[in-house]
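The structure appears below as structure tokens.
Worth knowing before you read on, the calculation uses all heavy atoms, side chains too, and leaves out hydrogens, waters and symmetry mates.
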Amino acid sequence: MDELQEGAFVYILLCSDGAYYVGSYRGADLNVRIVEHNSGYRKTAWTYRRRPVALVWADHFARYDEAVACERQLKGWSRAKKATLIRGDYTEISRLAKSKSGQRRPSS
């Protein structure tokens, strides 16, 4: 199957230290990847010392390249903007996007 057509998940994990981890996973069952994170499967992984982790947001993309583009975008976001996405507050995401510092701007 064409690698662009397989699809993939983009996800955000909340780590035990309060940090967010953004990743992508090419597979049919995202839970497989979450179990890998929590099992310590990869000792060199960023999440290894931050276990346990909890899935707090995920989306599926039909094309793998779209998932990778989304993952890169989210990795560049501030913590506040990621938290807003997790809450599903798309109006606030738009407001934060207009702020260079990523800090909440007062409403008019």
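Listed by chain and residue number, nothing satisfies the ring-ring contact (aromatic ring centres under 6.0 Å, His included) test with Y25 (two or more places apart in sequence, or in another chain). Take A54 and apply the side chain to side chain contact (heavy atoms under 4.5 Å, CB included) test, not counting sequence neighbours, and it matches no residue. For the side chain to side chain donor-acceptor pair (under 3.5 Å) test, no residue two or more places apart in sequence or in another chain qualifies with Q73. Residues passing the side chain to side chain contact (heavy atoms under 4.5 Å, CB included) test with V68 are Y64, R72, sequence neighbours excluded.
Between E92 atom CD and R87 atom CZ the span is 7.0 Å, to the nearest 0.5 Å. For the atom pair CD of E71 and CD of E66, the computed distance is 14.0 Å after rounding to the nearest 0.5 Å. Between atom CG of residue N38 and atom OG of residue S16 there is a gap of 9.5 Å, rounded to the nearest 0.5 Å. Between atom OG of residue S94 and atom NZ of residue K81 there is a gap of 8.5 Å, rounded to the nearest 0.5 Å. From L13, atom CG reaches atom OG1 of T47 across 7.0 Å, with rounding to the nearest 0.5 Å. One distance of note links CZ of F61 with CZ of R26; it measures 14.5 Å at 0.5 Å rounding.
With a 4.5 Å cut-off on side-chain heavy atoms, W77 and I93 count as touching.
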Should W57 and L74 be marked as a side chain to side chain contact (heavy atoms under 4.5 Å, CB included) after you check the CA-CA gap, both sets of side-chain angles, and the distance that decides it? CA-CA 12 Å; W57 180 88; L74 293 179; 3.7 Å; yes
Is there a side chain to side chain contact (heavy atoms under 4.5 Å, CB included) between Y11 and L55 once you walk through the steps? CA-CA 7 Å; Y11 59 93; L55 180 66; 3.7 Å; yes
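Applying the salt bridge (Lys or Arg N to Asp or Glu O under 4.0 Å) test to pairs two or more places apart or on separate chains, those with a residue in residues 37-55 are D17-R50.
In the hydrophobic cluster analysis, where Ile, Leu, Val, Met, Phe, Trp and Tyr join through side-chain heavy atoms closer than 4.5 angstrom, Y90 is grouped together with V22. Side-chain heavy atoms closer than 4.5 Å link hydrophobic residues (I, L, V, M, F, W, Y) into clusters, and following such links, even through other members, never connects W46 to Y41.
Separation of the H37 and Y48 ring centroids does not fall under the 6.0 Å cut-off.
R79 forms a cation-pi arrangement with Y20, by the criterion of a distance under 6.0 Å to the ring centre and an angle within 45° of the ring axis.
Here the closest non-hydrogen pair linking Y21 and C15 is CB-SG, 4.1 Å.
Results of the side-chain contact (heavy atoms from CB on, under 4.5 Å) test with D89 over I86, T91, L85 single out T91 as the only residue that passes.
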